[in-house]
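Structure first, then comments.
Values reported hereafter were calculated over all heavy atoms of this structure, with side chains retained and with hydrogens, waters and symmetry mates removed. Keep in mind it's a predicted model, so treat the numbers as computed, not measured. Convention: sequence-line order gives letters A, B, ...; per-chain numbering from 1.
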There are 2 protein chains.
Amino acid sequence: MIKGHVKLADIAKAAGVSQGTASNVFSRPEVVREEVRERVLGIAKDLGYNGPDIKGRLLRAGRVNAIGVAAIEPLAYFFEDPWARALMTQVAAVCDATGTGIALVSAQNQQKLAWNINSALVDGFILLCVEGGEQLVALTRRRQLPFIALALGDGDAAIPAIGLGNIAGAAQAARHLADLGHRRFAILAIGLTGDGAGAMTPEQAVRSLKFTSRDRALGYWQALADFGVGRADVPIHATQNDRQSVDAALETLFAAARPPTAILAMSDRIALFAMQWLARRGYAVPDDVSVIGFDGVPEAATAVPGLTTMAQPLAEIACRAVAAILDDAAPAQQEALDVTLIVRGSTAPPPPD
Amino acid sequence: MIKGHVKLADIAKAAGVSQGTASNVFSRPEVVREEVRERVLGIAKDLGYNGPDIKGRLLRAGRVNAIGVAAIEPLAYFFEDPWARALMTQVAAVCDATGTGIALVSAQNQQKLAWNINSALVDGFILLCVEGGEQLVALTRRRQLPFIALALGDGDAAIPAIGLGNIAGAAQAARHLADLGHRRFAILAIGLTGDGAGAMTPEQAVRSLKFTSRDRALGYWQALADFGVGRADVPIHATQNDRQSVDAALETLFAAARPPTAILAMSDRIALFAMQWLARRGYAVPDDVSVIGFDGVPEAATAVPGLTTMAQPLAEIACRAVAAILDDAAPAQQEALDVTLIVRGSTAPPPPD
DNA sequence: ATCCTTTCTTGAATCGATTCAATAAAAAGC
DNA sequence: GCTTTTTATTGAATCGATTCAAGAAAGGAT
């Protein structure tokens with residue numbers, strides 16, 4: 001019994017039954033006579049056979065019972081990025097309930113990603129399209145498996161996706177601050193990595209920001225316009241959703257003659273970095289500066305002070321996404337879910353001028 | 001070209017070449033004449049064939065290029081628990097570098113877990129043995145794939161595992177606090193879920209705590225003995241590594257006549273919950289009470305005040321674990337890695353009595 | 001005793017590729 | 001011109017199971 005992989009056929013031969021019967025012993029035990037079943041099982045144990053090999057079974061059955069979650073990011077992204085983490089937590093919960101496994105698929109560069117997507121053993125994909133979403137979609141489409149895109153933005157309606165009411169949500173965020181009395185705003189946007197981060201004009205923003213980011217910017221502007229604040233009056237800085245670029249943006253913003261009293265951050269991650277920068281520089285949040293985020297990640301709740309944010313219905317998103325894959329029933333049309341304002345301690349009326 | 005899955009054989013027939021050649025076109029293009037290769041590729045494109053199906057390839061190759069990470073916890077554990085997260089981040093980094101995928105395997109109950117482990121499409125397993133480790137190991141062993149256990153404690157030497165110097169580390173933690181002048185301690189241990197949490201005598205602790213937890217307790221006691229503090233003088237409470245049980249333990253501890261001035265927590269998670277409880281109750285950390293954790297998760301660094309803790313060499317652990325799986329070279333003997341003391345703001349001399 | 005059911009069991013086909021010994025064709029060497 | 005080497009291609013075996021039509025055996029009914 002050294003090694004020499006025992007396979008089903010060996011068991012069958014040793015037990016003197018056909019391979020078909022041997023197979024039934026394991027996959028449909030009720031169909032085979034008890035006496036035979038026990039004999040086969042006994043032989044299997046003697047030979048050190050531990051049930052059908054998954055690879056063989058897979059080839060026939062064609063079902064893996066796992067869904068892939070893909071992103072154009074390093075693998076660690078799934079465990080580090082707050083939004084990804086929060087989303088994955090929900091996805092995991094749904095998968096747990098349905099007994100489905102999760103395979104993480106990712107790669108920083110195109111080429112590797114293509115390979116990874118093609119060779120992932122999964123029944124379908126959930127695509128985290130934070131950046132370069134179309135490429136991810138194109139790659140996945142070739143695999144001819146069910147998939148659903150998340151955070152894709154206003155893309156092609158032919159792409160199965162679960163969208164978000166980004167414009168309405170951003171508008172609500174801006175309105176919340178404006179209602180509190182703020183009139184001096186700054187927007188911290190999420191730009192593509194590689195694109196130089198930094199200040200941009202509204203025109204540049206409309207042109208260079210993608211999907212989600214652009215929608216959020218439009219939402220902010222739209223609401224602020226109602227309060228007489230024009231686009232040109234709101235500095236907008238692209239960041240790379242990391243600390244360094246956020247810090248750099250804030251350096252610039254707060255070096256200005258009349259720095260903003262309210263910061264509209266396009267992600268909680270950015271907002272939290274911003275709050276930390278403000279704390280380091282001695283600005284009090286919310287007394288000196290109000291900060292509002294976007295996403296509704298758990299960290300926003302535990303930060304001090306709590307971060308006011310627009311929460312995504314992550315549980316709902318996860319639920320629909322997983323269901324879409326498992327039932328191969330992508331939503332007929334791209335549905336947009338609403339985000340909801342959660343007011344915490346990071347927003348308050350502006351200081352007296 | 002509706003559906004009717006095209007397979008390699010179809011391409012071969014359509015192109016008038018043998019199946020072997022068709023296979024080579026995709027997997028070893030350099031071996032087939034350019035003219036033929038292009039023709040076959042052309043036909044493949046026409047027929048809507050996107051390269052070899054992974055399942056068929058898998059059956060032959062036998063290699064999945066993914067490693068499974070398993071735990072007896074719900075799937076969400078990987079994204080929620082700070083230690084798991086920190087570890088996974090490192091594992092992900094190593095996998096990224098080697099182009100390996102990650103499959104998450106988990107289940108709360110035994111039965112499902114057995115099924116999940118048996119049907120996971122992976123080349124090997126990393127086992128997160130926080131609890132019920134032996135069962136996990138037993139289950140995995142049957143799969144006859146390389147595996148390595150993490151956080152298994154002093155188990156069977158025949159089990160490939162990467163251990164931790166828990167006793168020495170815990171001793172160092174306790175010594176750190178004793179050196180600062182503390183003499184009134186309390187231990188917050190990690191008990192098995194299901195076991196009633198709560199106060200326990202040292203004898204009970206030795207008996208009921210498992211592996212890691214027991215070693216850490218032994219380490220604490222050992223160091224404290226050098227300072228004249230006996231086991232019986234150190235209340236030890238089992239928690240379930242969740243907020244509720246930590247809060248309950250602290251309620252009891254601080255209701256005592258002479259509450260502890262130093263808390264030895266067996267995980268950063270517990271320590272952070274404890275710090276939050278203390279803050280809510282108006283105890284200042286570290287002025288009234290010092291807290292030291294264990295694990296060295298990232299959250300410990302960003303908490304306010306920073307949490308003093310014993311850091312695990314997670315990167316090293318991840319690196320060795322992944323290597324062990326990929327090379328099928330489990331360490332000859334169970335190696336134990338050292339943890340290192342990281343002093344932050346949560347520990348200070350005790351208040352004057 | 002005959003025929004009809006039921007209940008197991010069999011053997012072969014199938015899933016979708018890879019691999020390798022054998023062969024055919026072309027190029028090189030003398 | 002004939003042999004040797006090189007290069008491309010073929011065909012069949014293989015990976016490890018599942019599935020299903022068909023056959024055999026046992027039990028029941030008449």
(message) Between A:Glu35 and A:Arg39, does any NZ, NE, NH1 or NH2 come within less than 4.0 Å of an OD or OE carboxylate oxygen?
(response) no
(request) Find which nucleotide of DNA chain C each of A:Val31 and A:Gly20 is nearest to by heavy atoms, and output the residue with the more 5' nucleotide. (result) A:Val31
(message) Rounded to whole Å, please give me the gap between CG in B:Leu59 and P in C:dC15.
(response) 14 Å
(request) Select one nucleotide: of C:dT18, D:dT10, D:dA17, the one nearest the side-chain heavy atoms of A:Pro52. (result) D:dA17
(request) Measure from the side-chain heavy atoms of A:Arg60 and tell me the nearest of D:dT18, C:dT10, D:dT9. (result) D:dT18
(message) Strictly below 4.0 Å: does A:Lys7 bring a side-chain N or O up to OP1 or OP2 of D:dC15?
(response) yes
(request) May I have the distance from B:Arg143 (atom CZ) to D:dG16 (atom P), rounded to whole angstrom? (result) 13 Å
(message) Tell me if the aromatic rings of A:Phe79 and B:Phe79 count as close, with their centers under 6.0 Å from one another.
(response) yes
(message) C:dT10, OP1 or OP2 - any side-chain N/O from A:Ser18 closer than 4.0 Å?
(response) yes
(message) Just the rounded figure in Å: distance from C1' of C:dT18 to CD of B:Gln19.
(response) 9 Å
(request) Let me know the distance between OH of B:Tyr49 and P of C:dG16, rounded to the nearest Å. (result) 10 Å
(request) Round to a whole Å and report the spacing from CZ of A:Arg28 to C1' of C:dT9. (result) 12 Å
(request) Return no unless some side-chain N or O of B:Arg33 is found under 4.0 Å from OP1 or OP2 of D:dT9. (result) yes
(request) Let me know, please, whether A:Asn24 or A:Lys55 comes out on the 5' side of the other along DNA chain D by nearest nucleotide. (result) A:Lys55
(request) Using whole Å, report how far NZ of B:Lys13 lies from P of D:dG11. (result) 12 Å
(message) Tell me which one of B:Ile126, B:Leu164, B:Val69, B:Leu314 satisfies side-chain contact (heavy atoms from CB on, under 4.5 Å) with B:Leu150.
(response) B:Ile126
(request) Check the distance between C:dT14's C1' and A:Leu8's CG and give it to me in whole angstrom. (result) 15 Å
(message) Looking only at the side chain of A:Val17 (C-beta and beyond, no hydrogens), which of the listed nucleotides D:dA17, D:dT9, C:dT10 gets closest?
(response) C:dT10
(message) Under 4.0 Å from OP1 or OP2 of C:dA17: is there any side-chain N or O of B:Ser23 that close?
(response) no
(message) In whole Å, I'd like the distance from the CG atom of A:Asn118 to the P atom of C:dA17.
(response) 12 Å
Could you list the donor-acceptor pairs under 3.5 angstrom formed between side-chain atoms of residues 53-60 of chain A and any protein atom two or more places apart in sequence or on another chain?
from, atom 1, to, atom 2, distance (Å)
A:Asp53, OD1, A:Lys55, N, 2.6
A:Asp53, OD1, A:Gly56, N, 3.4

Tell me which donor-acceptor pairs under 3.5 Å the side chains of residues 135-143 of chain A have, and how far apart each pair is, sequence neighbours excluded?
from, atom 1, to, atom 2, distance (Å)
A:Gln135, OE1, A:Gln110, NE2, 2.6
A:Thr140, OG1, A:Leu136, O, 2.7
A:Arg143, NH1, A:Ile117, O, 2.7
A:Arg143, NH1, A:Asn118, O, 3.4
A:Arg143, NH1, A:Ala120, O, 2.9
A:Arg143, NH2, A:Ala120, O, 3.0

(message) Please compare B:Thr21 and B:Gly56 by the position of their nearest nucleotide in DNA chain D and report the one closer to 5'.
(response) B:Thr21
(request) State which of C:dG16, D:dT9, D:dA17 makes the closest approach to the side chain of A:Asp53. (result) D:dA17
